[in-house]
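What follows is a single structure, written as structure tokens, with notes after it.
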Protein chains: 2
Amino acid sequence: MPRKPSYDRDALIAQARDLFWQQGWAGTSLKDLESALNLKPGSFYAAFGSKDALYALTLERYAQDGVARLMAMADEMGPLRALKAQPHVVIDEREMPARACMLAKTYAELQSKGHDLADKAGCHMADMKASFATLFRRAQQAGEIGPDHDPDRLAARYQSDILGLRLSAERRDVNAVEIAEDIAADLDRL
Amino acid sequence: MPRKPSYDRDALIAQARDLFWQQGWAGTSLKDLESALNLKPGSFYAAFGSKDALYALTLERYAQDGVARLMAMADEMGPLRALKAQPHVVIDEREMPARACMLAKTYAELQSKGHDLADKAGCHMADMKASFATLFRRAQQAGEIGPDHDPDRLAARYQSDILGLRLSAERRDVNAVEIAEDIAADLDRL
DNA sequence: GGCTTTCTTGAGCGATCACTCAAGTATATA
DNA sequence: TATATACTTGAGTGATCGCTCAAGAAAGCC
């Protein structure tokens with residue numbers, strides 16, 4: 001019957017994700033989004049409902065892509081090598097709008113206010129931690145790491161290290177590559 | 001000649017620091033500050049000049065206190081034991097308004113906009129990293145860690161781990177004490 | 001007490017916030 | 001081509017943002 005939208009919804013979500021990732025929730029205004037997505041207010045609200053609803057979509061996209069990339073690496077090179085590669089991958093990507101983790105930034109910004117988006121970011125981080133734990137468990141079953149380690153504990157420490165690494169990678173006075181090397185090297189001692 | 005202010009400036013700065021620390025820069029409005037500090041707009045601006053100027057004061061206070069506490073621990077128990085205690089200390093304090101590092105939160109929130117406060121937070125983080133490096137150097141000179149390590153590199157990795165730990169400690173699904181133990185245990189292998 | 005000087009008060013400034021909605025436009029069906 | 005059905009547009013909503021300033025209140029010195 002009627003006309004179709006003139007935009008690519010997935011592409012808009014990706015653009016919005018990059019904006020939110022870089023500037024945060026409060027730091028990104030509707031005006032910013034409208035000009036970046038080339039959408040007038042009416043179209044924006046028809047397409048996404050609200051700023052928060054779009055933010056939630058971008059969080060989902062971000063988290064899904066992250067888990068998918070990690071698991072693809074694990075399929076290609078095995079669990080331990082994927083875990084050793086991950087630190088380098090997350091700080092190396094040049095096209096990324098920010099080095100710091102978008103989930104962590106969201107959680108840090110909004111958790112104190114009890115915002116729904118903080119809970120969602122927290123859930124996505126928990127999913128990511130579970131993925132790390134799965135890989136540690138597989139590495140253990142494959143004999144790549146010793147049998148005495150608790151995969152869940154390893155995953156929590158590893159994720160914490162990655163979060164710190166990614167935050168450090170935003171700084172000019174820090175050599176993030178060295179930190180990534182050290183995190184990866186620690187996995188050889190397990 | 002005239003009357004004195006009815007407030008304790010240092011106490012107000014500490015209160016403002018706690019608010020900013022918890023809620024962030026954009027997340028803390030003048031109304032929040034006025035009601036928390038019990039100050040009307042006129043008094044607020046007479047005392048501090050602007051929201052950003054007060055924020056800068058709170059950053060300074062936060063950073064000074066952090067370095068002072070670390071160095072006091074080092075004087076009391078030696079450099080290596082201080083570095084091993086620090087992870088537990090930063091996540092253990094119950095009266096703190098947030099576990100995550102205020103400098104890191106500030107930097108993450110404002111760096112992408114080139115805000116002055118992000119630069120200031122970055123400088124304070126660099127100072128903290130230098131303090132860590134000093135302690136690693138002293139520990140090395142005392143023979144507490146091997147002579148083949150670069151204290152600056154150790155400090156960068158250690159600070160990154162601490163930042164990750166403090167961010168993780170905000171989460172309910174993470175056992176931050178275990179991570180702190182693991183970070184401290186790593187120092188014994190140096 | 002009289003005077004000076006500062007602190008305190010709170011109404012209100014322009015700008016920006018997220019968001020709405022009615023009018024106009026373009027497209028797919030018939 | 002005519003009609004129905006969306007999509008597009010942008011002026012405009014009330015609320016809140018950081019901040020100003022003139023008037024009033026209080027404390028130190030004579």
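Below, chains carry the letters A, B, ... as their sequence lines are ordered, and counting in each starts from 1.
For D:dC19, the OP1/OP2 oxygens have a side-chain nitrogen or oxygen of B:Y45 closer than 4.0 Å.
In this structure A:E181 satisfies the side chain to side chain donor-acceptor pair (under 3.5 Å) test together with B:R153, sequence neighbours excluded. Applying the ring-ring contact (aromatic ring centres under 6.0 Å, His included) rule to A:F44 yields the partners A:F48; only residues at least two apart in sequence or on another chain are considered. Qualifying ring-ring contact (aromatic ring centres under 6.0 Å, His included) partners for A:H115, counting only residues two or more places apart in sequence or in other chains: A:W25. Among residues two or more places apart in sequence or in another chain, the side chain to side chain donor-acceptor pair (under 3.5 Å) test is passed with A:D75 by none.
Protein atom OH of A:Y55 is 13 Å distant from nucleotide atom P of C:dA18, rounded to whole Å. Here D:dG10 presents its P atom at 17 Å from CZ of A:F44, a figure rounded to the nearest Å.
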Show me, pair by pair, the donor-acceptor contacts under 3.5 angstrom made by side chains of residues 34-41 of chain A, not counting sequence neighbours?
residue	atom	partner	partner atom	Å
A:S35	OG	A:K31	O	3.4
A:S35	OG	A:D32	O	3.1

Acceptor/donor pairs from residues 131-139 of chain A side chains to any protein atom, 3.5 angstrom cut, sequence neighbours excluded:
residue	atom	partner	partner atom	Å
A:S131	OG	A:D127	O	3.3
A:T134	OG1	A:A130	O	3.0
A:R137	NH2	A:D152	OD1	3.3

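In this structure, A:K40 reaches the bases: a heavy-atom distance under 4.0 Å links it to at least one base atom across the strands shown. Within the nucleic acid shown, A:Y7 comes within 4.0 Å of sugar-phosphate atoms alone, with no base atom in reach, counting heavy atoms only.
Closest approach of A:T28 to A:K51, counting heavy atoms only: O-NZ, 2.8 Å.
Applying a 4.0 Å cut-off to non-hydrogen atoms, none of the residues of residues 22-39 of chain A approaches DNA chain D.
Of the candidate nucleotides D:dT8, C:dC19, C:dT9, C:dT9 has the atom nearest to the side chain of B:S43.
Sorted by first and then second residue, the side-chain hydrogen bond (donor to acceptor under 3.5 Å, both in side chains) pairs with a member in residues 161-171 of chain A read A:Y62-A:R166, A:R157-A:D161, A:D161-B:R157, A:S168-B:S160, A:R171-A:D173, A:R171-B:Q159; sequence neighbours excluded.
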So which protein nitrogen or oxygen atoms get under 3.5 Å of nucleotides 11-13 of chain C's nitrogens or oxygens?
none

